J.: 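The following block contains the structure, expressed as structure tokens.
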Amino acid sequence: MAIEQTLSIIKPDGVAQGLIGEVIHRFEKNGLKIRALKMIQLTKTQAQAFYAVHREKGFYDSLTDFMSSGPVVVLLLEGESAIEKNRELMGATDYRKAEPGTIRADFASSIEQNIVHGSDAPPTAQTEIAFFFNHLEKF
Ligand code: CMP
């Protein structure tokens with residue numbers, strides 16, 4: 001067990017549904033500390049860059065349209081096993097397979113519009129944190 005950092009995004013559907021407070025409450029009550037936070041709207045090009053690993057997938061164009069369709073809230077989370085903890089709180093990518101009580105099981109409306117994104121491994125977390133936050137924005 002180690003203290004880790006991970007990146008979370010409350011996606012445009014989560015922001016539009018008024019779930020910013022609910023999602024942040026779930027992070028904080030489960031021991032994840034917020035080290036950075038901002039609300040932004042990604043351009044299509046920025047969404048394409050963030051999700052470049054998926055560029056060959058059939059859902060890439062739709063996903064990057066969706067992710068640039070409205071504001072998102074980006075958070076740097078820190079805590080014991082933060083990457084796995086965040087993934088547990090989110091639930092499976094496909095909300096129909098997510099454990100009851102997870103964010104996606106409770107609120108997602110499709111495999112694409114699944115409320116939150118979270119880093120999947122330590123190297124990805126470092127890349128994703130650096131994509132959104134510079135050293136002046138982190139506490
Ligand atoms: P996220 O965890 O942000 O990582 C990639 C995103 O692609 C995923 O959540 C979904 O929003 C989106 N997506 C759309 N279709 C699929 C799919 N068939 N499989 C996985 N991810 C998908």
Side-chain angles (χ1 to χ4, degrees):
M1 300 267 273
I3 300 293
E4 293 175 338
Q5 294 190 332
T6 190
L7 185 92
S8 171
I9 306 175
I10 305 175
K11 298 184 177 186
D13 57 332
V15 172
Q17 289 177 53
L19 293 172
I20 298 171
E22 172 71 29
V23 171
I24 289 177
H25 183 55
R26 289 184 186 211
F27 292 153
E28 290 188 317
K29 81 178 178 199
N30 285 284
L32 292 173
K33 292 196 176 347
I34 295 166
R35 296 296 187 206
L37 177 155
K38 61 186 167 191
M39 180 182 261
I40 54 173
Q41 181 159 1
L42 295 169
T43 64
K44 172 83 172 173
T45 304
Q46 289 167 338
Q48 287 171 326
F50 182 74
Y51 280 113
V53 66
H54 294 304
R55 64 185 169 275
E56 307 298 335
K57 306 266 176 62
F59 58 79
Y60 182 62
D61 194 47
S62 173
L63 171 64
T64 52
D65 273 350
F66 164 58
M67 288 300 291
S68 57
S69 67
V72 298
V73 173
V74 193
L75 305 103
L76 168 48
L77 303 175
E78 183 179 276
E80 196 73 46
S81 303
I83 296 169
E84 189 54 33
K85 173 75 64 69
N86 183 36
R87 291 171 64 77
E88 283 171 19
L89 294 173
M90 289 191 298
T93 303
D94 183 347
Y95 72 106
R96 293 164 299 188
K97 296 179 186 152
E99 290 292 320
T102 60
I103 294 166
R104 286 165 169 166
D106 286 348
F107 303 114
S109 55
S110 71
I111 190 164
E112 178 176 275
Q113 303 208 5
N114 61 356
I115 308 290
V116 277
H117 167 83
S119 309
D120 64 359
T124 331
Q126 289 317 304
T127 307
E128 292 185 351
I129 290 165
F131 184 92
F132 285 108
F133 296 110
N134 69 41
H135 68 284
L136 296 174
E137 298 172 307
K138 297 188 263 190
F139 291 87

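Keep in mind the model is a prediction, meaning the values are calculated, not measured. When a ligand or atom number is given, it counts from 1 through the structure's own listing order.
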J.: Mind checking whether Tyr95 and Ile115 have side chains closer than 4.5 Å, heavy atoms only?
T.: no
J.: Given that the side chain starts at C-beta and the backbone is N, CA, C, O, which of these parts of Arg104 lies under 4.0 Å from ligand 1, counting heavy atoms, or is it both or neither?
T.: side chain
J.: Got the closest protein heavy atom to atom 4 (O) of ligand 1, with its distance?
T.: Tyr51 CE2, 3.8 Å
J.: For the residue pair Tyr51 and Met67, establish whether any side-chain heavy-atom pair is separated by less than 4.5 Å.
T.: yes
J.: Any side-chain heavy-atom pair from Phe107 and Val116 closer than 4.5 angstrom?
T.: no
J.: Looking only at side chains, do Lys44 and Thr64 share a donor and an acceptor under 3.5 Å apart?
T.: yes
J.: Suppose I only count heavy atoms of His54 and a 4.0 Å limit; which atoms of ligand 1 are within that range?
T.: 5 (C)
J.: Using heavy-atom distances only, which candidate in Asp94, Ile111, Val53, Ile9 approaches atom 18 (N) of ligand 1 most closely?
T.: Ile111
J.: Tell me the nearest of Phe66, Phe59, Tyr60 to atom 14 (C) of ligand 1, using heavy-atom distances.
T.: Phe59
J.: For Lys38, is the NZ atom crowded, meaning more than 12 foreign heavy atoms sit under 6.0 Å from it?
T.: yes
J.: Heavy-atom distance under 4.5 Å between the side chains of His117 and Lys11, does that happen here?
T.: yes
J.: Record the part of Lys11 in heavy-atom contact with ligand 1 below 4.0 Å; permitted values are side chain, backbone, both and neither.
T.: side chain
J.: Specify the protein heavy atom at minimum distance from atom 6 (C) of ligand 1: its residue, its atom name, and the distance to 0.1 Å.
T.: Leu63 CD2, 3.7 Å
J.: Using heavy-atom distances, let me know which of Lys57, Glu112, His117 sits nearest atom 11 (O) of ligand 1.
T.: Glu112
